[in-house]
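Scope of the values below: all heavy atoms of this structure, side chains included, with no hydrogens, waters or symmetry mates.
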Amino acid sequence: YQIGEIKFIDRSRDGCHVLFPSRTETLILHPQLCSEVTLFKVGERVTVVTDLPTAKKMMQPLGGWTGTFDIRPGQEGQITEITQDFCVIVKFSDGSVRLHPACLVSA
């Protein structure tokens, strides 16, 4: 569930050179190991599609879960910030939570 940015695709070796925020050099990954992550914009309204245990697991390699309350699928909030490691801060009516973008869909 780590999020990285594809720098270039090496056609000769059939690999994506992916840069992760926690590393200085790119890793070469097979394209099938990579799935596209929706990039949201600040101010966008989003809906949670992941339960809390899954969300916590997804945030593990990215510094763990941070939030003021538990999320539930179907909850709607607004993105207030995109962090350096490509996570999103979502403001809900009862508090803000830092989430992996794969936990969300556009509302």
Side-chain angles (χ1 to χ4, degrees):
Y1 293 117
Q2 274 186 303
I3 309 171
E5 186 181 346
I6 294 178
K7 289 298 177 187
F8 66 96
I9 294 169
D10 186 343
R11 299 270 177 232
S12 62
R13 292 171 63 190
D14 194 28
C16 300
H17 289 247
V18 184
L19 183 66
F20 294 98
S22 57
R23 301 176 65 93
T24 49
E25 74 282 0
T26 57
L27 289 178
I28 301 171
L29 297 175
H30 190 279
Q32 285 181 322
L33 295 175
C34 307
S35 65
E36 193 177 348
V37 172
T38 307
L39 292 180
F40 295 105
K41 291 184 258 334
V42 171
E44 194 171 340
R45 295 214 46 90
V46 288
T47 305
V48 176
V49 290
T50 309
D51 62 9
L52 187 64
T54 309
K56 283 185 173 176
K57 203 180 293 169
M58 289 163 92
M59 289 303 290
Q60 223 43 64
L62 297 162
W65 165 261
T66 53
T68 47
F69 72 105
D70 293 350
I71 56 151
R72 299 178 307 286
Q75 264 182 313
E76 237 183 76
Q78 188 169 26
I79 292 175
T80 56
E81 191 190 328
I82 311 277
T83 65
Q84 291 245 271
D85 55 5
F86 307 111
C87 291
V88 285
I89 310 284
V90 185
K91 186 175 189 280
F92 296 100
S93 53
D94 34 6
S96 290
V97 174
R98 180 170 171 261
L99 287 169
H100 192 294
C103 296
L104 305 163
V105 292
S106 292

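- Looking only at side-chain heavy atoms (C-beta outward), Thr47 and Leu104 stay at 4.5 Å or farther from each other.
- Contact between Val48 and Thr50 at its shortest, heavy atoms only, is CG1-O, 3.2 Å.
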Mind listing the side-chain donor-acceptor pairs of residues 60-75 below 3.5 Å, one per line with the distance, residues two or more places apart or on another chain?
from  : atom 1 : to    : atom 2 : distance (Å)
Thr68 : OG1    : Ser96 : N      : 3.4
Thr68 : OG1    : Ser96 : O      : 3.4
Gln75 : OE1    : Arg72 : N      : 2.8

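- Atoms NZ and SG, from Lys56 and Cys103 in turn, are 12.5 Å apart once rounded to the nearest 0.5 Å.
- A continuous path of hydrophobic side-chain contacts links Val46 to Leu52 [ILVMFWY only; heavy atoms under 4.5 Å].
- Judged as a salt bridge (Lys or Arg N to Asp or Glu O under 4.0 Å), and not counting sequence neighbours, Glu81 has no contacts.
- If you chain together hydrophobic residues whose side chains sit under 4.5 Å apart, Ile89 and Phe92 never meet in one group.
- Residues Phe40 and Val88 approach most closely at CD1-CG1, 4.5 Å, considering heavy atoms.
- Residue pairs meeting the salt bridge (charged side-chain N to carboxylate O under 4.0 Å, His left out) criterion with at least one partner in residues 93-102, sequence neighbours excluded, are Asp85-Arg98.
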